[in-house]
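Quick notes on the structure that follows.
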Amino acid sequence: MINRRELIAGITGGVVSAGLFKSVEINSDNIISASNIMALRQLSAPADRTCAVVLGYHFAGDGAPKLVYWDAGSEKTANQGTVISSLKSAKGRWLQLHNGVMDFRQFGIFNGQNAADAALNAMVSDPLIHRIEAHTSLNFISRHRFNRSNITLDFNNHTVTASGLEILADPKNNYLAAIFSFTGLAEEQTTVSVLRKPLPLLSEIYPVDDSNLYPVGQWYCLESDRMTGHWERKIQRLVQVTEQIDETHIRLNYRSGWVLEEQSHLHWRKVTPVENVCIRNMQYVEEGQLANNSSQPVALVYAIYCDVINVHAQGTFWSVIFRRWNTFFRTEHCSLTNPPSVSWGGAGYLTQQIYCQYGVISDCTTSNARHLNDLTASSSCVVKNCHSNGDSSGAFVTHGQYEHDLHFTANSGILTLANSGKAWGQSAARIVINQHRCSILTADTHVTDLTLTDVCIHRNAEQDNLGILRLNCDGLTVQNCTLSGELTLLQNSRRSIKMNVFENCGFVLDPRHDSTISNLAPDDPYIISHPAAEARNSINGRSLVYFSHCQFKGTDKDVSLLIKNKDINFNACRLENVSLILTAEGPQKIVINGDSTLAGDHMSRPLLSRTGDHAVTWRLGPLQSEVTGDEQLHIEVASGINHYQAHHVTFTHGRRLFSDKAFSRPSYFIEQNNILINTTSVVPASTGPHIVVENTEV
């Protein structure tokens, strides 16, 4: 017989408080013991409220002791863990006393040989349990969907498998594939409000018909109208009402990332989210090779403050961590290795977020996976210190469904923004990328106000030895970045009021000008969504592109940069073995000043030249142009209309060629205060006041 003092002192494991003893009116006369669960069940029904110490589940000392009491009137469904039936009496149950922390061993699960599904269901369904722990490996054969909040599943770094898993009826609904799925409740009914005037950028006050119908604290799935694309909407977020401003306005915990036009509709669907769920410390090993027989560990839908920490997966088909309609979350120290597919849509991901905001994804890794992190129709999330290897599809992606205010810092792996096709909208705004390392970075659709700082794009032997940087010039800021490979700038949108600025960057360019970004197949999503992709190593657009204190180097004598942009400026830059070719497909202006340097060593083309028929405005100087060969051309202007001014330019060695045809009216040619050192010049004949050469020393 064990006395009451010893029990309270913790002889049985120290997990039961004195308050719980009091609740069953325990005393030294009604405490018994049993060596295991079967011995307990074989006891004759004792007096009501009799307490029993069970020394183990299968045998004494096996790691699953427990304290139970007899409830003579109970007819609860037995699970032989927290609710234990008697073999001697149909009525009455042994009920476990605990402090809210439960262990699979309490249900007789000590390894992965026996399915742990029933034990999991019993523990999650018990509102008194707030923490579930695993102390051995586990195997699950079912996909569980819970609506439970305020619970932690801690697997203590043990292995979880899904051998013998049930077949997924509809493999396209990949979020149903999770072993541990926590889903809030969303009403089907939707309330619609109409904007009587445009909703400005960064609005947090939203108009409604009656604010009394939107109580403070209530959560909603908020959606704006569907646009041209099948999935294209500017707003899809799980938001909370934080204030009733007046009778027709409420404040939300979400600032709009895009302007909504007058007469736009907002759709409100009431949600009771799951909250404060944490899944942590799991080694998940999956062997399923097909969409319907594989699984993922975690899915969280209509969820707030739900975290996934230290989950490491091998061989999972679907996203290891799938989130949809999540707000306020963390994904930390997670990884994925060698998924069976990186081509099936939604397969081979570490973490996928759809309609999510206010999340942090940090310290995660993938190897040979499709995507490390996918943010679709999401905002205000931070991705930091995450690293991928063996990826060819893009470790970090957004679909282009109006993502905004995302921040990537100190990561490595291919990064593509808004590149999933027109069905999603191909739009993103105010994305910040810092200290990133990769072989490909593409953001060349409708990406507005993109900022890159200290980004390094390097060549990758596995992808035709290319490094690729393709960007949309719409409020673009690029600072302290380096590239080896391809630089291609486009302009597919004009939403920003900012200039496009490159500062203190270094570019080592290859000679390619074909119109694909790598050896991609014709049916690759990038090629499909970019049917008129611009040639590599070209600058295209209508807004000014400004390079300041940047250096360009060519890898051989054939490297050139095709300039199709309407307006381009090089200030205090050095261009070495790179030919600038203005295509003049429309009127163009080029400015090279700030004591810039052009240099060439036996280049196959002039350092500066033009094609096409439209007018080109040249503003050169102060700068130095240096070539090594006597026949090397500094500049060749032989066609079209040209407005040429060169001031304080020093040409060293080589030749210059300006044809009369290129400088008949309305063209003009003005050179002042220039120096030619061992340079041969063919200049237009002096036929009028539009040809001016002053103070030029030879």
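Within 6.0 Å of CD in Glu247 there are 12 or fewer heavy atoms belonging to other residues, nucleotides or ligands. For NZ of Lys76, the number of neighbouring non-hydrogen atoms (other residues, nucleotides, ligands) closer than 6.0 Å is 12 at most. Atom CZ of Arg255 sits in a sparse spot, with 12 or fewer heavy atoms from other residues, nucleotides or ligands closer than 6.0 Å.
A donor-acceptor pair shorter than 3.5 Å cannot be found between the side chains of Arg323 and Ser378. Judged by distance alone, the side chains of Asn389 and His387 never bring a donor and an acceptor atom under 3.5 Å apart.
Take His130 and apply the side-chain contact (heavy atoms from CB on, under 4.5 Å) test, not counting sequence neighbours, and it matches Val101. Legend: residues meeting salt bridge (charged side-chain N to carboxylate O under 4.0 Å, His left out) with Asp209, ordered by chain and number and at least two apart, are absent. The salt bridge (charged side-chain N to carboxylate O under 4.0 Å, His left out) check on Arg430 picks up Asp405, with sequence neighbours excluded. Every residue two or more places apart in sequence or in another chain that forms a salt bridge (charged side-chain N to carboxylate O under 4.0 Å, His left out) with Arg330 is listed here: Glu332. By the salt bridge (charged side-chain N to carboxylate O under 4.0 Å, His left out) test, Asp103 pairs with Arg105, sequence neighbours left out.
The heavy-atom pair separating Thr448 from Arg495 by the smallest distance is OG1-CD, 3.5 Å. The shortest non-hydrogen separation linking Glu261 to Leu195 is O-CD1, 3.8 Å. Val447 approaches Asn472 most closely through the heavy-atom pair O-ND2, 3.1 Å. Across Leu375 and Gln353, no two heavy atoms sit closer than the pair CD2-NE2, 3.4 Å. Here the closest non-hydrogen pair linking Ile414 and Ser439 is CG1-OG, 3.7 Å. Contact between Cys306 and Ala303 at its shortest, heavy atoms only, is SG-CB, 3.8 Å.
For the side chain to side chain donor-acceptor pair (under 3.5 Å) condition, the pairs that include at least one residue of residues 187-197, sequence neighbours left out, are Ser193-Trp268.
Between Ile321 and Phe329 the shortest side-chain heavy-atom distance does not fall below 4.5 Å.
Below 30°, between 30° and 60°, or above 60°: for Phe140 and His144 the angle between ring planes is above 60°, a perpendicular geometry.
If you run side chain to side chain donor-acceptor pair (under 3.5 Å) between Glu223 and each of Arg269, Gln236, Lys234, only Gln236 comes through. Tested against Tyr402 for a ring-ring contact (aromatic ring centres under 6.0 Å, His included), the candidates Trp258, Trp424, Trp231 yield a single pass: Trp258.
The pair Asp117-Arg143 fails the salt-bridge criterion, with no side-chain N (NZ, NE, NH1 or NH2) lying under 4.0 Å from an Asp/Glu carboxylate O.
Considering OG of Ser367 and CG of Leu350, their distance stands at 12.0 Å, rounded to 0.5 Å. Here the OG-CG distance, from Ser427 to Leu417, works out to 12.0 Å after rounding to the nearest 0.5 Å. Considering CD of Gln479 and CZ of Phe502, their distance stands at 11.0 Å, rounded to 0.5 Å.
At least one donor-acceptor pair under 3.5 Å links the side chain of Asp474 to the backbone N or O of Ser496.
The aromatic ring centroids of Tyr220 and Tyr214 lie less than 6.0 Å from each other. Aromatic ring centres of Phe180 and Phe155: separated by under 6.0 Å.
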